[in-house]
> 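This is the structure, below, for whatever I ask next.
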Amino acid sequence: MRLHEDKYITLHDLNEVFSNAPRCNPGVSELPLWDAVGLVLAEDITAPFDTPIMPKAAYDGFAVKASETPGVLKLAGSILIGQLPNRELRAGETYYVTTGAYLPKGADAVVLEEDAVVNGDSVIISKAYSPGENIDEVGSYARKGQLLASKGTVLTPYILSALLETGVFSALFYNKLNITVISTGNELVKPRTPKEALREFMGGKVIESTGLLIKWFMYNYMPYVTVLRHIIINDSYDEILSLIKGELGESNIIVITGGTGPSSIDHVHNALTALKPKYYVRGIKMRPGRPSTVAVFDDCHVVFGVSGHPVSALNALSLLIEPFIRLMLGIVSTVPLPKAYGRLIEPTEPGRGLWRQVRARVEVSDYGYLVKPLKVTGSSFTSTLTEADALVNIPPWINEAKKDLIVEILMLRSRTLNNK
């Protein structure tokens with residue numbers, strides 16, 4: 001692989017380099033679907049047979065022979081969802097059926113309740129029905145051999161419901177990628193109590209939050225990974241080098257916060273280059289987060305270095321790390337990030353050829369989202385995250401994001417109508 005040391009590279013170029021690279025295979029397990037939500041399918045899933053396996057009632061009503069409507073039929077009983085009919089429908093009979101119930105053999109229509117009057121054990125039907133009305137026919141959900149979910153699909157509860165409905169109950173899944181988060185900085189502390197946090201804060205220390213943000217982001221939007229541990233260490237070349245070497249033996253991905261930058265005193269940079277990765281990038285053309293680092297050791301072992309500022313780390317997570325790991329696993333469908341589109345009501349500053357994220361307030365109007373960029377843009381102003389409703393994603397080919405431009409936004413919190 002190519003080495004891009006001390007040279008900023010675009011996200012597009014980075015994607016191009018790895019688009020044809022071998023995919024990571026962290027191992028495969030066969031699991032019941034209900035134990036695999038959030039994992040990545042390691043095989044295509046096809047329908048094992050036609051479903052439904054028997055005709056079903058699409059609505060509550062009466063199972064009939066269409067040729068006997070309109071007319072007066074004898075109520076022979078009821079069939080509820082989850083039951084199998086125990087005998088064939090005879091001439092002059094009807095069964096009451098609930099939505100989703102299998103129909104008795106011989107029934108070819110379901111009369112809606114509102115089109116029938118029950119009088120004792122007689123059902124008076126005043127309307128003519130055609131064969132197939134209000135019925136889910138055999139194979140109407142899925143045909144045997146039909147592709148239901150592709151390899152590389154992250155199993156969501158929505159897909160799970162569909163697969164269970166079509167008779168698929170287990171599949172092969174990739175094991176989760178293991179992640180280690182390392183926060184570097186002599187100033188960082190992880191207090192156990194609010195009182196201890198206040199004492200450390202007033203003493204000049206920084207309460208670690210960027211690593212916690214990374215863990216939360218991955219838990220919510222990257223269910224196919226698991227964060228094994230979060231470690232805080234000093235700004236020490238020897239400590240960083242030793243820890244990376246050790247963690248690469250247990251984790252597929254390491255995310256290091258802090259210690260990344262263009263200066264000559266960059267312990268993360270020095271440690272990573274000393275380990276001689278196959279591919280190395282120091283600097284991505286995005287703002288905030290330009291010092292971000294990517295070191296690829298093999299198909300399943302990658303180290304990301306990101307800024308210690310939460311704002312920059314969030315940009316790296318959404319624009320670099322999450323897409324990169326999707327590429328590693330060959331993911332074709334996954335849990336979506338909370339992205340939307342809105343209209344700028346004020347312009348942003350020029351982009352200078354960078355992918356950039358701008359913090360913004362968002363209001364909901366009758367015509368969609370209205371996006372107002374915040375004036376403060378420095379990554380060190382973490383407090384602006386309490387004001388921001390969203391991050392505005394502006395690609396490098398849009399140098400000037402002018403008023404009324406439709407932009408992509410990453411929602412940080414929800415807003416409601418008339419919420420000022």
> Do Glu196 side-chain atoms and Arg192 backbone N/O form a donor-acceptor pair below 3.5 Å?
yes

> Any side-chain heavy atom of Leu84 sitting closer than 4.5 Å to one from Asn86?
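Of all side-chain heavy-atom pairs linking Asn86 with Leu84, none is under 4.5 Å.
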
> Give me the ring orientation class for Tyr96 and Phe62: parallel if the planes are under 30° apart, tilted from 30 to 60°, perpendicular past 60°.
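Perpendicular.
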
> Would the distance check show the side chain of Lys151 and the main-chain N or O of Val40 forming a donor-acceptor pair, the cut-off being under 3.5 Å?
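The answer is no, because no donor-acceptor pair under 3.5 Å joins these two groups.
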
> Do Ser29 and Asn175 have a side chain donor and acceptor closer than 3.5 Å?
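Per modelled atom types, Ser29 and Asn175 side chains form a pair under 3.5 Å.
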
> Taking all heavy atoms of Ala101 and all of Val97, pick out the closest pair and write down the distance.
CB-CB, 4.3 Å

> What about the rings of Phe324 and Phe304, do their centers lie closer together than 6.0 Å?
yes

> Evaluate the side chain to side chain contact (heavy atoms under 4.5 Å, CB included) criterion for residues Ile331 and Val154: first the C-alpha distance (whole Å), next the side-chain angles of each, then the deciding distance (0.1 Å), finally the verdict.
CA-CA 7 Å; Ile331 292 175; Val154 173; 4.0 Å; yes

> Under a plain distance cut-off of 3.5 Å, with no hydrogens placed, do Asn270 and His267 share a side-chain donor-acceptor pair?
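Asn270 and His267 do not have a side-chain donor-acceptor pair below 3.5 Å.
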
> May I ask you to decide whether Arg229 forms a salt bridge with Glu250, counting only side-chain N to carboxylate O separations under 4.0 Å?
yes

> Does Asn315 reach the main-chain N or O of Pro288 with its side chain, forming a donor-acceptor pair under 3.5 Å?
yes

> Do we see a donor-acceptor contact under 3.5 Å between the side chains of Ser183 and His230?
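Note: Ser183 and His230 side chains meet the donor-acceptor criterion.
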
> Leu410 versus Leu337: any side-chain heavy-atom pair under 4.5 Å?
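Heavy-atom side-chain distance check passes, below 4.5 Å.
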
> Are the side chain of Glu133 and the backbone of Ser130 linked by a donor-acceptor contact shorter than 3.5 Å?
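A pair under 3.5 Å: yes.
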
> Roughly how far, to the nearest 0.5 Å, is CE of Met328 from CZ of Arg23?
10.0 Å

> Got a second to check how far Glu322's CD is from Leu320's CG, nearest 0.5 Å?
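With rounding to 0.5 Å, CD (Glu322) is 10.5 Å from CG (Leu320).
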
> Below 6.0 angstrom between ring centroids: does that apply to His269 and Tyr237?
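No, they do not, as the ring centres are separated by 6.0 Å or more.
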
> Atom CG in Leu198, atom CD1 in Ile207: separation rounded to 0.5 Å?
9.0 Å

> About how many Å separate CD1 of Ile45 and CG of Leu147, when rounded to the nearest 0.5 Å?
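That separation rounds to 9.0 Å.
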
> Of all heavy-atom pairs between Phe169 and Trp34, which one has the smallest distance, and what is that distance?
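Minimum heavy-atom contact is O-CZ3, 4.0 Å.
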
> Can Tyr129 and Asp115 be counted as having a side-chain donor-acceptor contact under 3.5 angstrom?
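Judged by distance alone, the side chains do pair up.
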
> Quick one, Ile182 and Val255 - any side-chain contact, counting heavy atoms below 4.5 Å?
no

> Are Arg343 and Val407 close enough, and set up right, to give a side chain to side chain contact (heavy atoms under 4.5 Å, CB included), and what steps lead you there?
CA-CA 6 Å; Arg343 180 169 60 86; Val407 291; over 6 Å; no

> Go through the side-chain N and O atoms of Thr99 and Asp60 and say whether any donor and acceptor fall under 3.5 Å apart.
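There is such a pair (donor and acceptor under 3.5 Å, judged by atom type) between the side chains of Thr99 and Asp60.
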
> Is the backbone of Leu314 close enough, under 3.5 Å, to the side chain of Ser318 for a donor and an acceptor to pair up by distance?
yes

> So, the side chain of Ser312 versus the backbone of Ser307: is there a donor-acceptor pair under 3.5 Å, distance only?
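Judged by distance alone, no pair lies under 3.5 Å.
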
> Output, in order, the C-alpha distance, side-chain angles, deciding distance and verdict of side chain to side chain contact (heavy atoms under 4.5 Å, CB included) for Ile244 and Leu272.
CA-CA 8 Å; Ile244 292 174; Leu272 288 176; 3.9 Å; yes

> Output, in order, the C-alpha distance, side-chain angles, deciding distance and verdict of salt bridge (charged side-chain N to carboxylate O under 4.0 Å, His left out) for Lys56 and Glu137.
CA-CA 7 Å; Lys56 280 185 172 184; Glu137 300 283 4; over 6 Å; no

> Are any side-chain N or O atoms of Asp35 and backbone N or O atoms of Leu31, one a donor and one an acceptor, separated by less than 3.5 Å?
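Checked: no pair found.
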
> Nearest 0.5 angstrom please: Leu317 CG to Trp216 CH2, how far?
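Taking CG in Leu317 and CH2 in Trp216, the distance rounds to 10.5 Å.
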
> Check Asp389 with Arg413, please: is the shortest side-chain N to carboxylate O separation under 4.0 Å?
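So Arg413 pairs with Asp389 through a salt bridge.
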
> Are the charged groups of Asp50 and Arg143 less than 4.0 angstrom apart, N to O?
yes

> Check whether Thr184 reaches the backbone of Thr257 with its side chain - one donor and one acceptor, N or O, closer than 3.5 Å.
yes

> Does the side chain of Thr153 come under 3.5 Å of the side chain of Ser333 through a donor N or O and an acceptor N or O?
no

> Are the side chains of Val111 and Thr94 in touch, meaning some heavy atoms are under 4.5 Å apart?
no

> Please report the shortest heavy-atom distance between Thr46 and Val168, naming the atom on each side.
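Shortest heavy-atom separation between Thr46 and Val168 comes out as O-CG2, 4.1 Å.
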
> Start with the C-alpha distance between Tyr369 and Val364, add both sets of side-chain angles, then the distance that settles side chain to side chain contact (heavy atoms under 4.5 Å, CB included), and finish with yes or no.
CA-CA 5 Å; Tyr369 289 118; Val364 182; 3.7 Å; yes

> Ser292 side chain to Ala316 main-chain N or O, any donor-acceptor pair under 3.5 Å?
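No; zero donor-acceptor contacts below 3.5 Å.
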
> Might you point out which heavy atoms bring Leu241 and Ala271 nearest each other, and give the distance in Å?
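Scanning both residues, the minimum pair turns out to be CD1-O, 3.6 Å.
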
> With a 4.5 Å limit on heavy-atom distance, are the side chains of Leu39 and Leu155 in contact?
no

> Is there a side-chain contact between Asn393 and Ile409 in this structure, where contact means two heavy atoms from C-beta onward sitting under 4.5 Å apart?
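No; the side chains remain at least 4.5 Å from each other.
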
> Identify the heavy atoms of Lys176 and Asn252 that sit nearest to each other, and give their distance.
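Taking every non-hydrogen atom into account, O-OD1, 4.4 Å.
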
> Tell me, do Thr226 and Met218 make a side-chain contact under 4.5 Å, heavy atoms counted?
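No, side chains not in contact.
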
> With distance as the sole criterion, is a donor-acceptor pair present between the side chains of Tyr141 and Asp136 under 3.5 Å?
yes

> As an exercise, state the distance from CD of Gln357 to CD1 of Ile394, rounded to the nearest 0.5 Å.
9.5 Å

> Where the side chain of Asn234 meets the backbone of Ser236, is there a donor-acceptor pair that is under 3.5 Å apart?
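Side chain of Asn234 to backbone of Ser236: no pair is present.
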
> Closest approach of Ser251 and Thr180, non-hydrogen atoms and distance?
OG-OG1, 2.6 Å

> Step through the shown structure and confirm whether more than 12 heavy atoms of other residues, nucleotides or ligands are within 6.0 Å of CZ on Phe49.
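Yes - once you tally the heavy atoms of other residues, nucleotides and ligands closer than 6.0 Å, there are more than 12.
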
> Would you mind reporting whether Phe173 and Leu41 have side-chain heavy atoms less than 4.5 Å apart?
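In contact.
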
